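All values derive from a computational prediction rather than experimental measurement. Lettering follows sequence order; numbering is per chain, from 1.
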2 protein chains.
Amino acid sequence: MRKKVSTLSDMAKLAGVSESTVSRALSNSKLISVKTRERIQALAKEANFSVNTTARNLRLQKSNTIAVVLLIHSENDQSTTDPFILRLLGVIADELTRIGYDMLLASHTSPNENALKNYFDSKKADGMIVFGQGNDPALFDHLLNNDMPFVVWGTKDPHQRYLTVGTDNFLGGKLATEHLINQGCKHIAYAGRKTIETELRFHGYQDALEKADLPSSPLIDIHFTYQDGYNVATKLLETQQFNFDGIVAASDTIALGILKAFNDFNAEKELSEQAKPFSIVGYDDIEVSKFMHPSLTTIRQDTYEGGKRLVELLFKQIHKKPAHSVELETKLIERGSSKLV
Amino acid sequence: MRKKVSTLSDMAKLAGVSESTVSRALSNSKLISVKTRERIQALAKEANFSVNTTARNLRLQKSNTIAVVLLIHSENDQSTTDPFILRLLGVIADELTRIGYDMLLASHTSPNENALKNYFDSKKADGMIVFGQGNDPALFDHLLNNDMPFVVWGTKDPHQRYLTVGTDNFLGGKLATEHLINQGCKHIAYAGRKTIETELRFHGYQDALEKADLPSSPLIDIHFTYQDGYNVATKLLETQQFNFDGIVAASDTIALGILKAFNDFNAEKELSEQAKPFSIVGYDDIEVSKFMHPSLTTIRQDTYEGGKRLVELLFKQIHKKPAHSVELETKLIERGSSKLV
DNA sequence: TGTTAAAATGCAATCGTTTGCAATACATTC
DNA sequence: GAATGTATTGCAAACGATTGCATTTTAACA
């Protein structure tokens with residue numbers, strides 16, 4: 001095997017020209033004659049040479065990398081487990097790969113301004129996509145003040161100065177609830193948590209009930225996981241506190257957990273002791289929801305569209321073009337789980 | 001706002017010392033007196049300074065980054081959709097973050113040796129974790145020959161010289177099949193594809209049947225998605241070719257797709273026309289499998305353990321320590337879906 | 001063939017760190 | 001106070017690419 005050529009200067013020697021010429025030839029500059037350009041490109045391919053991105057980035061003062069940051073706010077906030085978030089990450093990865101950018105994935109447990117800012121200061125990333133708005137509205141101010149490009153997945157709020165991509169959570173909560181009302185449900189509960197990102201879903205739920213003159217129950221506090229949905233619902237069932245004919249779940253995972261708890265519970269009971277069926281609507285439309293039996297009625301948050309828009313919006317900022325938060329279509333997907341009563 | 005200090009030289013001026021001193025102080029070198037060291041560190045914190053990683057990496061000839069590469073072999077091989085892979089990615093991201101490394105995520109549609117090698121040549125990554133062994137055994141040779149550290153998720157094979165982490169696919173297929181046999185199934189089908197990674201599952205299936213003197217059917221070709229499981233099964237049901245009392249599915253997604261097809265089919269038919277129930281075992285144990293009704297019997301591939309081992313094994317290589325492929329525990333998780341007959 | 005403009009190439013500075021070595025400061029001892 | 005040794009610090013050369021400007025080559029024309 002020939003001595004490996006790993007730098008521009010190696011290539012220069014190999015081709016008998018200067019480093020500048022090689023550099024220009026490889027970037028297809030028309031300063032270089034077509035003949036030498038092609039010759040050098042062929043040579044590079046043959047020698048299996050590719051420029052050192054680190055050096056290149058240093059010189060160009062950019063990183064060609066987008067940081068995707070998961071802000072973890074509590075023990076139970078397992079973003080790296082959530083199928084919806086994971087799917088969204090997959091889409092983003094595809095998008096970034098497509099346009100030639102690298103994706104840097106990191107999760108932060110106790111996020112602070114500097115941790116985020118550091119991605120830019122240390123020139124690790126040219127832009128950032130953040131999951132988890134959290135409860136610290138000042139968290140993003142540092143970034144904003146130094147105009148570092150970033151987008152947040154989540155709810156748009158007039159008070160926030162940063163850009164977001166997400167569905168209309170108020171509308172989502174409302175659509176879900178209205179649907180259950182139309183199905184004839186009278187005692188509708190809301191299962192989930194009140195995070196900044198999802199609080200509006202709960203308000204949408206309350207609003208719909210109010211307009212229909214139906215009572216709203218206090219929120220059933222459940223983390224966004226299958227397991228917690230299952231645990232909490234099981235407890236309610238066992239203590240006979242599970243007396244709803246409709247449930248609005250803050251995520252599909254929660255909804256599926258609850259459904260499972262219900263099925264398991266009834267499976268072990270005599271007919272007389274069984275809990276009564278109920279209708280349920282989820283949120284997200286993760287892929288598996290369609291394949292449950294009964295399939296899950298839910299509010300779709302289109303992951304493909306969402307991922308694309310996040311990237312698109314981020315690059316608008318990077319290129320200093322005008323940009324506005326986007327609200328994805330917020331749509332009820334009607335399936336089997338809401339026809340159980 | 002004071003002029004922002006963004007380089008070592010800025011810091012040097014600020015502190016009234018040389019760049020070298022700042023550099024050493026920040027890396028806690030004992031060459032620098034404790035007093036100035038602390039002073040400078042405080043100053044850096046206050047000025048919100050952090051070293052430029054790009055420059056640092058160039059100088060140190062490393063990237064502090066691990067590339068995670070998804071090799072996509074066909075249109076239908078949607079790794080970025082697969083819940084099992086996505087979950088594994090989440091674990092890896094957590095692990096890498098924990099030890100202070102960045103994770104670079106990329107998918108490649110038409111992988112070739114150079115595309116992979118390029119991550120090292122261009123100094124983008126110090127190591128690589130690969131998903132998708134594919135059908136080109138020579139694909140990794142370039143990497144091996146230039147001893148670039150990488151690990152592959154998948155099946156261990158004596159012919160392969162590279163390191164892998166994964167379950168014992170032969171055993172997995174066998175356990176799944178034996179379990180169905182023990183449940184009394186007589187006509188057991190295998191649903192999935194024959195990729196390098198999973199071919200052994202099929203052989204395990206065949207082996208178990210052979211040992212039990214039962215006939216094996218030809219493989220039902222299904223891509224590793226819910227949807228394809230659903231589509232193919234539906235077609236079989238409609239053409240009355242669905243006459244198995246047991247199915248070994250090559251993934252949980254396939255299994256769930258099939259179950260759904262079955263449920264949907266029977267829901268629209270008269271009792272007399274309904275397809276007969278069957279037992280089914282999946283593969284992976286994705287989280288949702290536990291929350292199906294009936295819950296899915298499956299072969300667990302522990303994602304947490306798997307992710308940790310991948311990272312661990314990779315770093316053994318990076319640090320030039322002896323390393324061997326690891327085979328994760330391959331275990332049948334018995335649940336409801338295999339007691340249907 | 002000589003002159004001039006245009007095309008192609010090369011020189012050298014720069015991006016922000018780290019680190020071997022040289023240089024300075026300080027403390028210690030006689 | 002001189003001499004020695006030890007702690008601290010600074011100088012300057014890398015790391016590998018890009019690019020404005022200077023320089024050379026080529027082409028074109030008289």
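- In this structure, A:T65 contributes its side chain and A:S63 its backbone to a donor-acceptor pair below 3.5 Å.
- Between A:H108 and A:Y119, the angle of the ring planes goes over 60°, which puts this pair in the perpendicular group of the 30/60° scheme.
- For residues 116-132 of chain A, the salt bridge (Lys or Arg N to Asp or Glu O under 4.0 Å) pairs, not counting sequence neighbours, are A:K117-A:D121, A:K124-B:D102.
- Note: NZ (A:K124) to P (C:dG16) measures 18 Å, nearest angstrom.
- The side chain of A:Q61 contributes an N or O atom lying less than 4.0 Å from OP1 or OP2 of C:dG16.
- The residue A:T53 sits apart from the nucleic acid: no heavy atom pair falls under 4.0 Å.
- With A:R56 contributing its side chain and A:V51 its backbone, the two residues share no donor-acceptor pair below 3.5 Å.
- Regarding B:I32, its CD1 atom lies at a distance of 17 Å from the P atom of C:dT24, rounded to whole Å.
- Summarising the geometry, the separation between CG on A:L31 and C1' on C:dA6 is reported as 12 Å, rounded to the nearest angstrom.
- Taking atom CG of B:N52 as the reference point, atom P of C:dT14 lies 18 Å away to the nearest angstrom.
- Within 4.0 Å (heavy atoms only), A:T36 reaches sugar-phosphate atoms of the nucleic acid but no base atom.
- B:T195 meets the side chain to side chain donor-acceptor pair (under 3.5 Å) test with B:E197, B:T198; sequence neighbours excluded.
- Residues passing the side chain to side chain donor-acceptor pair (under 3.5 Å) test with A:T36, sequence neighbours excluded: A:S33.
- Atom CG of A:N64 is separated from atom P of C:dC15 by 20 Å (rounded to the nearest Å).
- Taking the six-membered ring where tryptophan is involved, the planes of B:Y162 and B:F150 are tilted, since the angle between them lies from 30° to 60°.
- Across all strands shown, B:L58 has heavy atoms under 4.0 Å from base atoms, whether or not it also approaches the sugar-phosphate.
- A heavy atom lying under 4.0 Å from DNA chain D marks the following residues of residues 19-26 of chain B, by number: B:S20, B:T21, B:R24.
- C:dT17 atom C1' lies 10 Å from atom CG of B:N57, rounded to whole Å.
- Counting 5' to 3', DNA chain D first comes under 4.0 angstrom of a heavy atom of chain B and last does so at the ends given by D:dT8 to D:dG16.
- Within the structure, salt bridge (Lys or Arg N to Asp or Glu O under 4.0 Å) contacts touching residues 148-164 of chain A (residues at least two apart or in different chains) are A:D141-A:R161.
- Residue contacts for A:L60: at a heavy-atom cut-off of 4.0 Å it reaches the sugar-phosphate backbone alone, with no base atom in range.
- Within the 3.5 Å criterion, the main-chain N or O of A:N118 finds a donor-acceptor partner in the side chain of A:S122.
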